[in-house]
Amino acid sequence: MYNLNKLFLVTLYLCLISVLFSHANAAVLPLRSTPDTINLKSHWQVLEDKSGKLTIADILHVEQAQANSADAKQQPAISFKNLAGDLSASYTQSVYWLKLEVQRQDPSASTQWWMEVTPNMLDDVRAYQVRNQQVIGTHQAGDRSRFSDTETRHRLAVFRFPIDDTDKHSIYLRIQTTSSLYFSARLYTPLGFAEASNFQSSLIGMFYGIMLAMIAYNLILTFGYRDRANVFYLLLSALTLVVGFNNNGHLALYFEPDNIWLIELIQSLAVPSLLLFYSLFINNFLQLSKIMPNIAMIFRVLQFFAVIIMIAVVAGFNNRVAAASQILAFLQMIIVIPVGMLIGWRGYRPGYFVVAATAAWLAGGLLVILRNLGIIESTWLTEFGFQIGAAIEIILLALAQADRINIIKNENAQTQAQLLSISQRAEQELESKIQQRTKEMAELITSLEKLDKQKNEFLGIAAHDLKNPLTGIIGLSDLMRKLEPSITPEQRYSYLERISRSGQRMMHIITNLLDVNAMESGNTKLEKVSLNLPELCNQVLIQYEHNLRAKELSCQVEHVPTGTASQQELIITADPNACFQILDNLISNAIKYSPIGKGIRIQLQSSADYAQVSIQDQGPGLSQDDQERLFERFSKLSSIPTAGEHSTGLGLSIVKKLSEAMGGSVRCESEFGAGCCFIVQLPLAKAALNKA
């Protein structure tokens, strides 16, 4: 009766679990004469036992009850589910059962098959070989078991399964661990296992050789150069070697085969210890306290947390802090890479070595993490990712140490040479510096005097030019206010028009001053587009119709064809506002200096690459002295506007700067007493396209 009740309870429990895992029957794995190695990835069925109380007897009882069920429509209560890839469950308190069905179908196939389990950090791994619902073999391994009790003296858990018949055999694995749960396994024939072990031993031997060589090398450096960074590097190298011994299983295999708690403690302290010593080394090696004090503070915080985690591990709380230590270690590596790059970019070359070393270590760790998550295949590269990354990292850090020592040597030698040179040439350099400073002071005084003169000219011109229109505005506005009751609408309109013209004159003066200042400071931004030059000339002339009529001036715009060129081909590449301003200044000057009743002629023509605008007036012309300073800022020429118009002396300076900024030019042809002709050349659109 008791057995029936027990069977009923176990069956009910597995039915509840089956809600989470659907039933799946994986195909039987055939064992043949070849290959000698079988990767068991995706061959397993999995069952999660959250209570951790199921036994192999319970599972076999339920499976037997299912097999004997008379109701074919009844849903199976067994909770095994096909496992895609390797088992990866991160940190969990559940017990996982894995099931594998194998059958020796080839008579020439080996009768001995060995299963190698990876990794060796699993706490408890039990294997049961079942045939015809009977357990014919039991195996146990894990870092909670003594190494001396394992059936195969190997760095990893290895279970031997004799299969000397052609019956179907079921292999059940019970896995429980407090560390991150990842499980991968392979089946080997004895010959295949020997070949794989030799290959693995070669890789591990290379890792140990590199680590021991780097430790010996660093010992020599430490005794030769008493530097704190060397000490931390030596401790980091030794700790990396110990962690490698432990991860590879050799620490337990050769040194402490019966000391379970010590092996587990070393394994738990590995990550926070590496975090601590790597942080100390980087902080001292890169001199972060001097170069980047804020970053150095971050590393000190990481060191503090590393010590806290180590204390928690010793106190028995590893399962609570293990994930945090891995996150902090990963975060530290992410911080080291940009910090090293920045320090290397600033000229301290060992920073680049640190970046490369950290990237190698990080890449090796990522390979292991991606394998544990089931994202990439389990290969020798992922199996030994930590060892390969650590070896490359230690070698690169050793090179960084050597480079740093060479830099220190070179700096010391250069410092001594510089001190000797300074002591020998101090008197000569002092005298040379005095002469140089005297010359610089004289040049500075001259420059300041010139700037002061320009400032006074600027203020004088601005004050003088703004005074007249401002006086007119004030006078007219006062007059309108006093005569408000008696003035007619026509008089009011006349006064307002005169006030508007005075305001426009002030705006023109201020705009010119601002334009010159912008061009002198380099703040002028030009946007070059395609423009129709004849249309632009007509637009400028429209705004001067009143001025032309007031002085009875005639203005002719002529297009001078060259070859087959037509007016429609005068398309230039220029900034619209700048080009308008150039034409506006030149045409307004021609009107300003033309006598009443004369004419102005504007000619347009093109060459291979440029369009040319010639503006000819019949004014008094320019003397040779005027032509030499024609395009200077604030230049006041001897010619006087014929109708008393205003001139700031800035227009032609603006024309020259804008023309050259757009890739063109401006020049003046004049004879004193015979008028002036200003010629502006601007690049044609087709020429600009050909150059682009």
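Residues L187 and T37 have side chains not in contact (no heavy-atom distance under 4.5 Å, counting atoms from C-beta outward). For the pair Y172/L60, a side-chain contact is recorded, criterion being any heavy-atom separation below 4.5 Å from C-beta on. Proximity of V95 to W97: side-chain heavy atoms (C-beta onward) are separated by under 4.5 Å at one or more points. Side-chain contact between L31 and Q103: absent, with no pair of heavy atoms (C-beta onward) separated by less than 4.5 Å. Between P162 and T111 the shortest side-chain heavy-atom distance does not fall below 4.5 Å. Between V321 and V313 there is a side-chain heavy-atom pair separated by less than 4.5 Å. Contact of the M292 side chain with the R346 side chain is registered, since non-hydrogen atoms from C-beta on lie closer than 4.5 Å. A 4.5 Å side-chain heavy-atom check between I210 and M214 finds at least one atom pair inside the cut-off.
Side-chain atoms of Q105 do not come within 3.5 Å of backbone N or O of L29 as any donor-acceptor pair. With N284 contributing its side chain and L280 its backbone, the two residues share a donor-acceptor pair below 3.5 Å. Counting only distance, with no hydrogens or angles, the side chain of D49 and the backbone of K53 share a donor-acceptor pair below 3.5 Å. Formation of a donor-acceptor pair under 3.5 Å by the N198 side chain with backbone atoms of A194 is found in this model. In this structure a side-chain-to-backbone donor-acceptor pair under 3.5 Å is present from S42 to G85.
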Evaluation steps, ring-ring contact (aromatic ring centres under 6.0 Å, His included), between W44 and F183
CA-CA 11 Å; W44 295 100; F183 171 84; 5.7 Å; yes
Side chain to side chain contact (heavy atoms under 4.5 Å, CB included) between F80 and L98, intermediate numbers included
CA-CA 8 Å; F80 279 100; L98 296 176; 6.0 Å; no
Could you walk me through whether D86 and S88 pass the side chain to side chain donor-acceptor pair (under 3.5 Å) test, one step at a time?
CA-CA 6 Å; D86 293 321; S88 177; over 6 Å; no
With side chain to side chain contact (heavy atoms under 4.5 Å, CB included) as the test, would you mind laying out the steps for D123 and Q176 before giving the verdict?
CA-CA 6 Å; D123 293 346; Q176 184 176 15; 5.8 Å; no
Under the side chain to side chain contact (heavy atoms under 4.5 Å, CB included) criterion, do V117 and L156 qualify, and how do the steps go?
CA-CA 6 Å; V117 175; L156 299 175; over 6 Å; no
Audit row: E63, K99, side chain to side chain contact (heavy atoms under 4.5 Å, CB included) steps and yes/no:
CA-CA 12 Å; E63 289 185 339; K99 179 182 178 181; 3.0 Å; yes
Run H169 and E101 through side chain to side chain donor-acceptor pair (under 3.5 Å) and show every step you take.
CA-CA 6 Å; H169 290 246; E101 293 183 337; over 6 Å; no
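Note that CD1 of I335 is 11.0 Å distant from CZ of F330, once rounded to the nearest 0.5 Å. Atom CG in L54 sits 6.5 Å away from atom CG in L47 (nearest 0.5 Å). Between the CG atom in L397 and the CD1 atom in I282 there is a gap of 6.5 Å [rounded to 0.5 Å]. The distance from atom OG of S237 to atom CD1 of I394, rounded to the nearest 0.5 Å, is 4.0 Å. Interatomic distance, CG of L100 versus CG of L173, reported as 8.0 Å (0.5 Å rounding). To the nearest 0.5 Å, the span separating CG on L236 from CD1 on I215 amounts to 9.5 Å.
Within 6.0 Å of CD on Q93 lie no more than 12 heavy atoms contributed by other residues, nucleotides or ligands. The environment of CZ in R131 is crowded: more than 12 heavy-atom neighbours from other residues, nucleotides or ligands sit within 6.0 Å.
Annotation: F161 is in aromatic contact with H139 [ring centroid separation under 6.0 Å].
Screening residues 200-210 for side chain to side chain donor-acceptor pair (under 3.5 Å) gives R155-Q200, Y208-N248, Y208-H250 as the qualifying pairs, with residues at least two apart or on separate chains. The ring-ring contact (aromatic ring centres under 6.0 Å, His included) contacts involving residues 270-299 comprise Y233-F281, Y278-W361, F281-F285, where partners must be two or more places apart or lie in separate chains.
For the pair R300 and P293, the tightest heavy-atom approach, listed with the atom from each and the gap, is NH2-O, 4.2 Å. Of all heavy-atom pairs spanning N39 and A185, the tightest one is OD1-O, 3.7 Å. The two residues G52 and R174 make their nearest non-hydrogen contact at O-NH2, 3.5 Å. Annotation for T189 and S110: closest pair CG2-CB, 3.9 Å, computed over non-hydrogen atoms. Looking at every heavy atom in both residues, G192 comes nearest to D36 through CA-CB, 3.8 Å. Contact between A306 and L275 at its shortest, heavy atoms only, is CB-CD2, 3.7 Å.
Among F159, F193, Y188, the one residue that satisfies the ring pair (Phe, Tyr, Trp, His ring centres under 6.0 Å) test with W114 is F193.
With respect to R104 and D165, no salt bridge is recorded, no charged nitrogen being found less than 4.0 Å from a carboxylate O. Between E116 and R186 there is no salt bridge, since no side-chain N of the basic residue sits under 4.0 Å from a carboxylate O of the acidic one.
Between the side chains of R160 and T152, at least one donor-acceptor pair of N or O atoms lies under 3.5 Å.
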